[in-house]
Amino acid sequence: MFDAVIVGGGPAGLQAALMLGRACRRVLVCDTGEPRNAPARHAHGFLTRDGVPPRELLRLARADLAAYPDVELRTVAVTGAVARDGGFTVLLDGGEAVATRGIIVATGVRDIVPEHFRALWGTGVFHCPFCHGWELRGQPLAVYGQGAYATHMVYVLKAWTDDVVLVADGPLTLDAAAREKLSRNGIAVHEGAVAALEGDDDGLRRIVFADGTSIARRGLLFHAPSVPRSDLPAQLGAAFGPDGLPVVDRSYQTTVPRLYVAGDLAAQPPSLPVAVASGALAGAGLSNALALGDAG
Ligand SMILES: Cc1cc2nc3c(=O)[nH]c(=O)nc-3n(C[C@H](O)[C@H](O)[C@H](O)COP(=O)(O)OP(=O)(O)OC[C@H]3O[C@@H](n4cnc5c(N)ncnc54)[C@H](O)[C@@H]3O)c2cc1C
């Protein structure tokens with residue numbers, strides 16, 4: 001019987017494992033080795049590790065965990081879980097079932113990136129200026145779309161460069177006041193349909209439109225829709241809020257006792273520091289809940 005099975009060994013899951021390991025808990029971390037930021041060469045904005053390659057950050061985290069012999073790491077997918085005898089039975093790919101007193105789901109999300117953006121996703125096409133903006137500072141940049149996110153980010157991106165355009169990918173549907181604000185801030189709008197992105201190992205070079213015209217740009221800020229990579233919280237009966245995220249308390253416990261979530265699956269805004277913070281809260285929260293439950 002494990003005290004905790006952690007599903008997902010990205011930054012959130014490994015931080016939760018560190019807290020539980022340091023609380024003398026018996027922990028199994030199951031991970032399939034596909035962190036969300038793998039397409040990026042470097043991860044930024046995480047204290048003491050600014051610029052670290054994404055998989056190197058995880059290697060360092062796993063090395064820290066080696067100091068805690070009751071934390072076991074396995075490369076395996078979790079395929080399901082059921083509540084049983086006051087705890088849970090977790091099903092692993094291959095058929096093994098393991099019993100645990102608590103679960104932390106930290107499986108992250110999957111980004112839905114259009115085919116013609118994929119080659120440059122994580123380099124020339126970026127989702128977060130705090131992650132990638134410094135490397136593109138002072139360069140000609142574009143924001144994709146015309147929804148609330150895009151029309152907010154065109155102004156936010158001005159912290160990094162004066163040269164920002166809005167690539168609306170279709171006729172602009174904004175009202176007169178919004179158009180006037182764009183114009184007043186010197187933000188040109190390109191309404192042509194985007195046909196292709198041209199780039200190289202060094203990132204984006206040009207955005208090509210369906211009518212054959214193009215603009216030179218070094219980065220395209222794109223808010224990719226994303227979906228959770230696991231439905232375990234729903235399988236186990238956790239409640240979800242109107243935002244689509246699991247309802248949690250301050251330690252990221254869901255509405256199901258001893259079922260916790262952490263990382264991009266649950267914590268906003270999605271980023272390494274926030275994922276790690278939520279993992280720390282979930283790990284400590286689960287250990288405390290087990291101790292208080294044992295005390296009766
Ligand atoms: C291109 C890109 C670049 C980014 N750059 C930065 C940056 O520079 N700085 C920053 O702060 N943030 C950055 N982010 C955001 C950052 O990657 C995420 O916030 C962070 O990875 C979330 O950590 P996580 O542990 O929740 O999920 P993940 O890192 O996605 O880890 C989840 C893990 O769970 C595993 N898993 C999934 N399903 C299962 C299953 N059923 N069984 C077992 N294991 C499973 C996956 O294989 C994966 O290893 C970037 C994101 C993208 C897309």
Any [X] side-chain heavy atom under 4.5 Å of [Y] side chain:
X	Y	answer
Asp249	Thr254	no
Tyr149	Val156	no
Val71	Leu20	no
Val274	Pro269	yes
Val78	Leu91	no
Pro270	Val109	no

Taking NZ, NE, NH1 and NH2 as the nitrogens, is one of them in [X] or [Y] under 4.0 Å from a carboxylate oxygen of the other?
X	Y	value
Asp3	Arg26	no
Asp264	Arg36	yes
Glu198	Arg217	no
Asp200	Arg205	yes

- Query: Going hydrophobic residue to hydrophobic residue with side-chain gaps under 4.5 angstrom, can you get from Val82 over to Val7?
  - Reply: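 Different hydrophobic clusters.
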- Task: State yes or no: do Leu236 and Val105 share one hydrophobic cluster built from I, L, V, M, F, W and Y residues joined by side-chain heavy-atom distances below 4.5 Å, directly or via other members?
- Result: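 In one cluster: yes.
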- Task: Going by the salt bridge (Lys or Arg N to Asp or Glu O under 4.0 Å) test, name the single residue among Arg55, Arg229, Arg110 that passes it with Glu34.
- Result: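 Option passing the salt bridge (Lys or Arg N to Asp or Glu O under 4.0 Å) with Glu34: Arg229.
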Can [X] and [Y] be counted as having a side-chain donor-acceptor contact under 3.5 angstrom?
X	Y	result
His44	Glu135	yes
Tyr155	Asn185	no
Thr151	Gln146	no

- Message: Please report the interatomic distance CG(Leu141) to NE2(His132), rounded to the nearest 0.5 Å.
- Response: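 The NE2 atom of His132 is 12.5 Å from CG of Leu141, to the nearest 0.5 Å.
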- Looking at the rings of Phe117 and Phe222, which for Trp means the six-membered one, are their centres under 6.0 Å apart?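 That pair passes the under 6.0 Å test.
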- Item | Cation-pi, Trp134 ring and Arg137 (6.0 angstrom, 45 degrees) |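 Pair Arg137/Trp134 counts as cation-pi.
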- Message: Apply side chain to side chain contact (heavy atoms under 4.5 Å, CB included) to residues Phe2 and Val27 and explain how you reach the verdict.
- Response: CA-CA 6 Å; Phe2 288 97; Val27 181; 5.7 Å; no
- Between His190 and Phe209, how do the two ring planes meet: parallel, tilted or perpendicular, split at 30° and 60°?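 Ring orientation, 0 to 90° scale: parallel.
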- side-chain hydrogen bond (donor to acceptor under 3.5 Å, both in side chains) partner of Arg218, chosen from Asp163, Asp202, Thr161: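 Passing option: Asp202.
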- Query: Between Pro129 and Leu221, which heavy-atom pair has the shortest distance, and what is it?
  - Reply: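 Closest pair (atom of Pro129, atom of Leu221, distance): CD-CD1, 4.1 Å.
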